[in-house]
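Remember, it's 1-based here, ligands and their atoms both numbered in the order they're listed. Numbering of residues begins at 1 and proceeds along the displayed sequence.
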Amino acid sequence: MSNTEISVLENITQILGYRPDFFGCDLRDMKQLEEIFEKYDFDGVVHFAGLKSPRESCDRANEYFDNNITWSLKLFACMEKYGVMKIIFSSSAAIYSTQGMHKKGLDENADIWNTNHPYGSTKLILENILWDLAKFSWFQVISFRYFNPIWAHTSWLLWENPVWIPNNLFPYIMKVASGDLDYISVFGNDYNTHDGTGIRDYIDVNDLVRGHILWYEYFDTIGQNVACFEVFNLWTWLWISVIEAITSVSNVLWKDISYVFEDRRLGDLAEVYCNPMRAKNILWWTSKVTLDESIKNTLYYHKISA
Ligand code: WQD
């Protein structure tokens, strides 16, 4: 809850048609965690919690290690104690190093030993820990390496709405489009890319959610009491630069979006995009939502008319 509001729960209730059980539990609080595991007969865990800004992690490395790693260990210990072995873990494309970049995009075997910032390191270390838990404690692990998740739920009830000024590109562009902010800073125009600005693979959050549900069902195909550790890139194969992102929003809204070029941002890479073939071959999952649809889904929240 460090970067959201409890009111979100009401909107989730509206979507589901019932109020899900909710505990404002700090993962440091082992006692409360155990009480929750005691109360329910969980089938598995989907572990999304964590700090997630590459730039911020460069200034607050220890806090990232503590928050993302130490507290996750408590969760894993609790799972083992209560015999809950399935886990879907939110890993990151941030664990890949630049050396792995090539024309077909990063596949799951790309080099992961040279992370660019503490955030990426936390995800890499957690993947290693989960690997060992699969090998020695019979955990069933699916680790998703997200690229750049964006946008809003199609119900128009949930959207990316950070309490603070957004760090990420698309929420920031929308703040400029809605008039809340005057312009966007483009961090670096001297990268070795076609227009000099950073390239990323942006994935719509609805595709991401569909992927999680599908992959959770994948556990059934491997059966009980069989250890497993699988990693998948979550992908679109839609790779765009910062300038192309700004232009896309501008074209959908028929609005000029002001930007200025600034120095490169600490911890940033020129290009991060993935090769989707493993997920496609094994799970027959592909992204469906187009960038224009994603942009339109979010207009309502930003009180913009196209
Ligand atoms: C995208 C591009 C910036 C803001 C994200 C997540 C991270 C991880 C990896 C899952 C870069 C440029 C941005 C701005 C800009 N995902 N930019 N002006 O850093 O790729 O990281 O993906 O684990 O959690 O945060 O995403 O949206 O911040 O940046 O020019 O005001 O946009 O330099 O090239 P990033 P981002």
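Tyr64 and Tyr119 have perpendicular rings, their planes meeting at more than 60° on a 0 to 90° scale where under 30° would count as parallel. Classification of the Phe76-Phe139 ring pair by plane angle, with boundaries at 30° and 60°, yields perpendicular.
Residues of the protein with a heavy atom under 4.0 Å from ligand 1 are Lys52, Pro54, Ser92, Tyr119, Tyr146, Phe147, Asn148, Asn167, Asn168, Leu169, Ile184, Ser185, Val186, Phe187, Gly198, Arg200, Tyr202, Val242, Arg265, Asp268, listed by chain and number.
In the hydrophobic clustering of this structure, Phe229 does not group with Tyr216; members are Ile, Leu, Val, Met, Phe, Trp, Tyr whose side-chain heavy atoms approach within less than 4.5 Å, directly or through other members.
Checked against the 6.0 Å centroid criterion, the rings of Tyr202 and Phe147 do not qualify as a close aromatic pair.
The cationic group of Arg278 lies under 6.0 Å from the six-membered ring centre of Phe232 and within 45° of the ring axis, placing it in a cation-pi geometry.
Across all their heavy atoms, Val176 and Ile184 have their closest contact at CG2-N, 3.8 Å.
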